[in-house]
Number of protein chains: 2
Amino acid sequence: MHEENENICYSLEGVTDVICKKWALLIINVVGNYRKVRFNTLMEELQGVSPKTLSDTLKKLQNEGLIRRESFAEIPPRVEYTLTEDGIELRKAIIPLLEWATRRNN
Amino acid sequence: MHEENENICYSLEGVTDVICKKWALLIINVVGNYRKVRFNTLMEELQGVSPKTLSDTLKKLQNEGLIRRESFAEIPPRVEYTLTEDGIELRKAIIPLLEWATRRNN
DNA sequence: CGGTATCCTGGCTGATACTG
DNA sequence: CAGTATCAGCCAGGATACCG
């Protein structure tokens, strides 16, 4: 139960790192939507992101254990990104935030 | 209802600005905890923030309409910050995120 | 296709000192 | 008390080109 005035003393140490990454939450959400998604699909989906930034952010999210990367030795090469369990949890946690953001933009 | 694989197409335009600010969510949360809070209390609560950064972030949050600033013509001067309705909504929206963060840090 | 490599830049962020 | 002024640094983020 969460009352409006409840005192919340959570620490965000180490999480601001994830949250503050400009594209991180977007990526989490998009990957969650697709379940499996490839690099260039992400590039299209996240309009305006540069390959470097996307690559960097994906690596960071991998290190955080939020995203899984699976590459296939094919030609042409194929790489698929999926959410880990932690990533799925995070995605659930940001849904209210996304909803708030959407209400706000309209 | 939110199923795990539901497709969520929210746009975060303009919200990443708020979210990515390093201290923004912390401030929203702390102000929400206190209901009314003064500058120096925030300084203590947000360990490591500089007055400039705090001041800048507060201004930004005011411009976004998330925080209200009320100053009293007293000596010594007194200024109180409170959440606007939008701010309260945002605070509610980030609670799951804070919980997730807390679980994660332990 | 799925990235690196390289370079660049703006603004976030902080330290410190000072003021109305 | 509640900030501003000033200075400075770093690095996230972007543009572009290229590679395995």
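Every chain is numbered from 1, with letters handed out A, B, ... down the list of sequences.
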Item to complete: Specify the residue among B/T41 and A/P51 whose closest nucleotide of DNA chain D lies further upstream toward the 5′ end.
Response: B/T41
Length of the line joining [X]:[atom1] and [N]:[atom2], which is rounded to integer Å:
X: A/E70; N: C/dG3; atom1: CD; atom2: P; result: 13 Å
X: A/E80; N: C/dC1; atom1: CD; atom2: P; result: 14 Å
X: B/I27; N: D/dG3; atom1: CD1; atom2: P; result: 12 Å
X: A/K60; N: D/dA12; atom1: NZ; atom2: C1'; result: 10 Å
X: A/L26; N: D/dG13; atom1: CG; atom2: P; result: 11 Å
X: A/E74; N: C/dC1; atom1: CD; atom2: P; result: 13 Å
X: A/W23; N: D/dA12; atom1: CH2; atom2: C1'; result: 13 Å
X: B/I19; N: D/dG13; atom1: CD1; atom2: P; result: 13 Å

Of the options [options], whose atoms approach the side-chain atoms of [X] most closely?
X: A/P77; options: C/dG3, C/dC1, D/dC1; answer: C/dC1
X: B/K52; options: D/dT16, C/dG14, C/dC1; answer: C/dG14
X: B/T53; options: D/dA2, C/dT13, C/dG2; answer: C/dT13
X: B/R78; options: C/dG2, D/dG3, D/dA2; answer: D/dA2
X: B/P76; options: D/dA2, C/dG3, D/dC1; answer: D/dC1

Does a nitrogen or oxygen in the side chain of [X] sit under 4.0 Å from OP1 or OP2 of [N]?
X: B/Y81; N: D/dC1; answer: no
X: B/K59; N: D/dT4; answer: yes
X: A/K22; N: D/dG14; answer: yes
X: A/S55; N: C/dG3; answer: no
X: B/R38; N: D/dA2; answer: yes

Discussion item. Which residue in the set B/T82, B/I27, B/T84 passes side chain to side chain contact (heavy atoms under 4.5 Å, CB included) when paired with B/I67?
Written reply: B/I27
Worksheet entry | Inter-residue atom distance B/I94.CD1 - B/I28.CD1, 0.5 Å rounding | 7.0 Å
Worksheet item: So how far is it from A/T57 OG1 to A/Q62 CD, rounded to the nearest 0.5 Å?
Response: 11.0 Å
Discussion item. Please check: side-chain N/O of B/E64 versus main-chain N/O of B/K60, any donor-acceptor pairing under 3.5 Å?
Written reply: no
Worksheet, complete the sentence: Comparing A/C20 with A/N40, nearest DNA chain C nucleotide closer to 5' gives the residue A/N40
Worksheet entry | Non-hydrogen side-chain atoms of A/E80 and A/F72 separated by less than 4.5 Å | yes
